[in-house]
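Comments concern the structure below.
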Amino acid sequence: MRIYDFDAKFFDYCRTWMALHPGLTEKQVEDSYNEIMLSWLNAPAKWLDGVCPGEYFTRYTDPKDLLKLLQEYDKRDIGLPEPLYSRIVQLGEACAQGLVKLASNEDAPETLRATAIALLRDIGTDAPKALFVDMVANAREANELSEMASEILAQQGGDVVGELVSRYDEASDYARLLILDIACNYPGHADVRTKIETLLRTDPSARPYYASLLGKLGDPEALPLLKDALQWTDLTYLDYIEVRNAVEALGGDPGEERTFYGDPDYEAMRLV
């Protein structure tokens with residue numbers, strides 16, 4: 001398998017295109033990007049023996065070959081060609097198990113694992129859900145992979161919310177926040193509301209975030225606590241605004257707005 005630097009070849013093509021279109025402003029060049037890209041993808045290339053860049057990877061039908069190319073590009077620190085990425089997504093489920101294996105390999109480079117996760121997301125397969133649940137529930141601190149898994153489950157993980165919530169008590173503080181954020185996209189778990197309410201009461205450091213989660217969850221049973229929180233004396237102005245927004249999101253009446261004289265954020269807003 002030969003490895004070509006598609007990005008470098010595209011940049012060469014862009015330079016030639018710009019030389020043939022003198023006098024364009026930077027904005028005009030930016031607006032022409034998609035046109036330039038499509039033209040390059042569909043133009044026979046000498047460096048590919050006359051094959052168009054956009055068609056080059058269609059010759060590969062075996063997922064193992066495509067995943068070998070994926071790993072080789074990462075190993076050489078060469079930008080992954082968009083046509084290779086698209087070809088893997090096109091084959092879909094045929095590549096899913098191999099990508100799950102790459103994504104779960106803790107000895108693999110994080111860049112490669114992140115690319116595998118992104119491909120699994122774009123394929124839309126259920127194959128990695130168990131892996132993504134583990135990445136979220138077992139996370140000890142903020143990291144790209146667990147956050148990617150969390151974002152995917154927030155969109156596609158309604159059927160695993162129960163499992164995530166069941167692992168909440170044993171999870172780290174960071175993982176707990178990921179679990180709650182995912183669960184708020186899928187109302188119907190009463191214990192999710194109670195867990196967030198507990199955090200709102202006991203963790204002043206992140207009150208705006210917890211309030212926003214309650215607003216997103218959409219459970220009107222949270223209104224009594226949120227309305228009570230509007231009167232807490234140790235709220236900052238930004239805390240108050242998020243609590244107020246959550247009350248309104250749940251259809252409640254937050255009442256007359258409080259003043260926060262002396263609070264720097266409040267004073268800055270008064271000057272606007």
Side-chain angles (χ1 to χ4, degrees), residues 96-97 99-222 225-226 229 236 238-239 241-243 245-247 249-250:
Q97 289 301 328
L99 290 169
V100 170
K101 186 176 180 179
L102 282 178
S104 60
N105 182 2
E106 296 184 359
D107 294 327
E110 186 168 312
T111 52
L112 179 60
R113 297 179 71 193
T115 300
I117 292 173
L119 283 160
L120 288 163
R121 174 199 62 209
D122 292 346
I123 289 171
T125 175
D126 286 338
K129 278 190 177 177
L131 169 63
F132 291 164
V133 167
D134 283 342
M135 283 184 167
V136 169
N138 296 335
R140 308 311 302 174
E141 58 186 18
N143 65 86
E144 181 183 8
L145 301 182
S146 61
E147 290 178 6
M148 290 181 70
S150 173
E151 289 172 4
I152 295 169
L153 291 178
Q155 298 297 320
Q156 305 174 8
D159 56 334
V160 298
V161 170
E163 180 179 354
L164 281 168
V165 174
S166 72
R167 297 173 66 173
Y168 178 89
D169 290 341
E170 289 73 37
S172 69
D173 290 343
Y174 168 67
R176 288 181 176 185
L177 293 181
L178 294 181
I179 290 170
L180 293 176
D181 187 63
I182 294 166
C184 283
N185 291 279
Y186 305 96
H189 297 269
D191 48 346
V192 171
R193 173 178 54 80
T194 58
K195 291 179 188 303
I196 301 172
E197 288 177 333
T198 297
L199 290 169
L200 182 66
R201 292 189 190 94
T202 61
D203 183 9
S205 67
R207 278 175 176 162
Y209 180 66
Y210 304 135
S212 69
L213 286 181
L214 288 172
K216 184 168 72 168
L217 184 61
D219 186 344
E221 293 296 320
L225 173 62
L226 288 168
T236 67
L238 293 183
D239 291 347
I241 290 299
E242 285 299 335
V243 173
N245 288 343
V247 170
L250 296 177

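The two residues Met135 and Leu145 come nearest to each other via the heavy atoms SD-O, 4.2 Å. For the residue pair Leu178 and Ser150, the shortest heavy atom distance occurs at CD2-OG, 3.8 Å. A pairwise comparison of heavy atoms in Leu153 and Tyr186 identifies O-OH, 3.2 Å as the closest pair. Heavy-atom minimum distance, Thr125 versus Gln156: O-OE1, 4.4 Å. Among all heavy-atom pairs drawn from Ala103 and Leu131, the shortest one is CB-CD2, 3.8 Å. For the pair Val161 and Ala183, the tightest heavy-atom approach, listed with the atom from each and the gap, is CG1-CB, 3.9 Å.
A distance of 12.0 Å separates CG in Leu99 from NZ in Lys101, rounded to the nearest 0.5 Å. To the nearest 0.5 Å, the span separating CD on Glu110 from CD1 on Ile117 amounts to 8.5 Å. Atom-to-atom distance recorded for Cys184:SG and Ile182:CD1 is 10.5 Å, nearest 0.5 angstrom. For the atom pair CG of Leu226 and CD of Glu242, the computed distance is 11.0 Å after rounding to the nearest 0.5 Å. In this structure, the separation between CG on Asp126 and CG on Asp159 is 6.5 Å, given to the nearest 0.5 Å. With rounding to the nearest 0.5 Å, the separation of CG in Asn245 from CG in Leu214 is 12.5 Å.
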Residue pair Val192, Ile196: steps toward the side chain to side chain contact (heavy atoms under 4.5 Å, CB included) verdict: CA-CA 6 Å; Val192 171; Ile196 301 172; 3.9 Å; yes

Full working for side chain to side chain contact (heavy atoms under 4.5 Å, CB included) between Lys195 and Ile179: CA-CA 11 Å; Lys195 291 179 188 303; Ile179 290 170; over 6 Å; no

Test side chain to side chain contact (heavy atoms under 4.5 Å, CB included) applied to Leu177 and Tyr209, step by step: CA-CA 10 Å; Leu177 293 181; Tyr209 180 66; 3.9 Å; yes

Worked check of side chain to side chain contact (heavy atoms under 4.5 Å, CB included) between Arg201 and Glu197: CA-CA 6 Å; Arg201 292 189 190 94; Glu197 288 177 333; 4.0 Å; yes

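Judged as a side-chain contact (heavy atoms from CB on, under 4.5 Å), and not counting sequence neighbours, the contacts of Glu147 are Ala142, Tyr174. When the side-chain contact (heavy atoms from CB on, under 4.5 Å) test is applied to Arg140, the partners found at least two apart in sequence or on another chain are Ser172.
Side-chain atoms of Asp181 and Leu213, non-hydrogen and from C-beta on, do get closer than 4.5 Å to each other. Taking the side chain as every heavy atom from C-beta outward, Arg167 and Asp134 approach each other to under 4.5 Å. Using a 4.5 Å heavy-atom cutoff, the side chains of Asn105 and Leu112 are not in contact. Taking 4.5 Å as the limit, some side-chain heavy atom of Arg207 sits within range of a side-chain heavy atom of Leu200. A 4.5 Å side-chain heavy-atom check between Ile152 and Leu120 finds every atom pair outside the cut-off.
When the options Thr202, Asp203, Asp239, Thr198 are evaluated for a side-chain hydrogen bond (donor to acceptor under 3.5 Å, both in side chains) with Tyr210, the one that passes is Asp203.
Put simply, the side chain of Arg176 gets close to the backbone of Asp169: a donor and an acceptor are under 3.5 Å apart.
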